[in-house]
Participant: 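The following block contains the structure, expressed as structure tokens.
The model shown is predicted, which means the values in this text are computed figures rather than measured ones. Residue numbers begin at 1 in each chain, while the letters A, B, ... track the order of the sequences.
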Amino acid sequence: MFLKFKDEVSSILSSAAAIAGFETEDVALTESSHADIASSVAFKLAPKYKRSPKEICENICKNIKIPPDSYIDRAEMAGPYLNFFVSRNFLNETVLRVLLDRENFGNLNNRGKVILEHTSANPDGPLHIGHIRNSVIGDTLARILKRAGYDVETQYYINDMGRQIAVVVWGLLNFKFDKTKKKDHAIAEVYINANKSLVDEKEHSPEVDAIMKKYEISDAATDKKFKDAIDTAMEGIKETLKRMNIHHDRFIWESQFVRNGEVNRMMERIKETGRAAIKDGALMVDLNDMGIQKPLVIQRSDGTSLYTTRDLAYHEWKAAQCERMIDILGADHKLISSQLKAVLRILKLNEPEIVIFEFVSLPEGSMSTRRGVFVSADELLDEVEKAALLEVRKKRPDTDEDFKKKVASFVSIGAVRYDIVRVSPEKATTFNWAEAVDFEKQGAPFIQYAHARACSIIRNAHEEGFAFETFDPNVLLEEQEIALIKKLSGFENVIDNAARELKPNLLAIYARELADAFNQFYRYVPVLAAEPEFRAARLALVDCSRIVLANALDTLGITAPESM
RNA sequence: GGGCUCGUGGCUUAGCUUGGAUAUAGCGCCGGGCUUCUAACCCGGAUGUCGAGGGUUCGAAUCCCUCCGGGCCCGCCA
């Protein structure tokens, strides 16, 4: 709805400017607290026409013609600014549209296949709090893009050819695998022990090299060892992801591109470009002219491939299947991903869009699976769930234990996801236990609670036999009602912006603001106790709020509870 | 040393791509509100040299330059 309003303002403003004799492409629309949408177009035209912004604004304003059933109520001049306000018609249609579209409200009409890769953590241990920043950003973005209309496939790229997996395989032969532990944690234990022993007793290192070599050329016995080790770790990782409402459509093993010859073909293609030079027996690509000083090694002197070579083959394979590729990567991949893009550009292949997120560190420093220094996602989820259970016991002593546990579960997952997604990916963060388990801040539970309140009103209305199949939206005149409807109308605009800019945090902020608008309405405007004609319209508005809150929460991958 | 990035009230944070009207919100702090649809709520108040300095502009948190501080990267690792 808001997008239509914006389009209408845009076209009416353009034609008014044209009639007034100004040529302009950009009508400079901006969100403003002074209006539903404002334009500073007069400032932009001032230098060109050598007249004051105010004078230009007056001339444009005079020529604004608003048609009868418009979504625009009026345009007002405020000095050099032009302020536009939504009409009653707009508000009414928003309410009706939400009720009509229900769970599809906010869906957009973009088309095309998108392959979005996220998480892709090495299967050498459990996901830690840094990995799940990747997972949550990726999963939320996938949900946003789906709502924006794209056909999204999510992929987890398994780096099975790296040295760390060879270390795990070697470790499994030499250390005890603790069957009582969750599988990914047991793998981590083996991995940590193996690394320690490789550092202390250097003579084992060649054993790992031999395992790696065997896997590169592939022999049945070695392949089976790798598969078993990776499957074991992935089983635990998938369990954690599932707990967080995160699902991958496909898991792609990097070794497949070596086995099927794609990696070799990739190396040949790069050689054919004439940009690759052999230095000390290794094949290097010079990327200086693409603004990257560091040359990229494509092939080792022993003829084997490297991570980036395999990643290039992976991207070539992906590119053939979709219109857009999106990769969610940690800050340590900045250089390597720009090298990857540069090579793809040289080969005239489609490049991925890359979302980089900064690191999550511990107060004592950075995390490392290898050294065993990390907070696992499981541990975080467990602790937050414990804290949530304490909170439910305090707030809902009237309910049974099953209910409390269920609430603690979705509240904790929501809180963890929301806490991650609310901050911009480019911000480096330091993990803090006290903050992680704090439910006082306005996070996911605040939004979930608003949804539960809306459901509660609807439930009570049904019990009382109050219907709202027919109602007159024109009676929704309270300040809080109008603010709430405007907020509801903005959902599609947020999906549009978040999908366009690949910024999931925009949705997190919106959901909180919507809950805020609903809570204010809830506090000031009685629904069930109102006169019948008001009651029906307000119930409809509560239903709208319930729907959009649920849609926003669903897009954030957070449960929208009917009760909590 | 070079490259990239971040720096906004005590803490966390929005806005920066595309410059514009009193800089966003939460936590914490101070004060108020449950005979009313779930108080995980609502209302009010105090708190800011938008890291520092310079520049561009009618106008800079936003663009440019220099510097300071944090993070990440700079391997025939992944």
Participant: When you get a sec, tell me which of B:C72, B:G15, B:C27 is the closest nucleotide to the side chain of A:Glu358?
Facilitator: B:C72
Participant: Establish, with yes or no, whether the OP1 or OP2 oxygen of B:A14 is under 4.0 angstrom from a side-chain nitrogen or oxygen of A:Ser424.
Facilitator: yes
Participant: Would you mind classifying the nucleic acid contact of A:Lys54 as base, sugar-phosphate or nothing, using non-hydrogen atoms under 4.0 angstrom?
Facilitator: nothing
Participant: For B:C64 versus B:U56, give the span between their P atoms, rounded off to a whole number of Å.
Facilitator: 15 Å
Participant: Quick one: look up who B:U17 pairs with, Watson-Crick or G-U, both distances under 3.5 Å, and put none if it's unpaired.
Facilitator: none
Participant: Is the phosphate of B:A39 approached by A:Arg453 (side-chain N or O, under 4.0 Å from OP1 or OP2)?
Facilitator: yes
Participant: Can you tell me how far the OG1 atom of A:Thr309 sits from the CD atom of A:Glu262, to the nearest 0.5 Å?
Facilitator: 13.5 Å
Participant: Please classify the nucleic acid contact of A:Glu513 as base, sugar-phosphate, or nothing, using heavy-atom distances under 4.0 Å.
Facilitator: nothing
Participant: Could you please name the option among B:C73, B:C27, B:G26 that lies closest to any side-chain atom of A:Gln442?
Facilitator: B:G26
Participant: Respond yes when some side-chain nitrogen or oxygen of A:Arg300 is under 4.0 Å from OP1 or OP2 of B:A78, and no when none is.
Facilitator: yes
Participant: Let's test your reading of the model: under 3.5 Å, does the base of B:A21 pair with the side chain of A:Ser40 as donor and acceptor?
Facilitator: no
Participant: Parallel, tilted or perpendicular: which describes the rings of A:His128 and A:His131, with under 30° parallel and over 60° perpendicular?
Facilitator: parallel
Participant: Answer with yes or no whether A:Ser456 presents, from its side chain, a donor or acceptor under 3.5 Å of a partner atom in the base of B:C37.
Facilitator: no
Participant: Could you work out the separation of B:G59 and B:C42 based on their C1' atoms and round it to a whole Å?
Facilitator: 38 Å
Participant: One thing to verify: whether A:Lys487 and A:Asp516 come together as a salt bridge, which I'm taking to mean a side-chain N less than 4.0 angstrom from a carboxylate O.
Facilitator: no
Participant: Which nucleotide wins on minimum distance to the side chain of A:Lys441, given the candidates B:G26, B:U18, B:C73?
Facilitator: B:G26
Participant: Looking at every strand, decide which applies to A:Val41 at a 4.0 Å heavy-atom threshold: base, sugar-phosphate, or nothing.
Facilitator: nothing
Participant: For the rings on A:Trp253 and A:Phe251, is their centre-to-centre separation under 6.0 Å?
Facilitator: no
Participant: Using a cut-off of strictly less than 4.0 Å between a heavy atom of the residue and any atom of RNA chain B, enumerate the qualifying residues of residues 281-289 of chain A by number.
Facilitator: A:Ala282
Participant: Taking the side chain as every heavy atom from C-beta outward, state whether A:Ile129 and A:Met367 have any pair of such atoms under 4.5 Å apart.
Facilitator: yes
Participant: Considering just the side-chain nitrogens and oxygens of A:Thr30, establish if one lies under 4.0 Å of OP1 or OP2 belonging to B:A21.
Facilitator: no
Participant: When you measure from the side-chain N and O atoms of A:Asn519 to the phosphate of B:C42, is any distance below 4.0 Å, counting only OP1 and OP2?
Facilitator: yes
Participant: Reckon A:Lys427 has a side-chain N or O less than 4.0 Å from the OP1 or OP2 of B:U12?
Facilitator: no
Participant: Looking only at side-chain N and O atoms, does A:Tyr522 come under 4.0 Å of OP1 or OP2 in B:A39?
Facilitator: yes
Participant: Which residue, A:Arg393, A:Lys386, A:Glu385, forms the side-chain contact (heavy atoms from CB on, under 4.5 Å) with A:Leu389?
Facilitator: A:Arg393
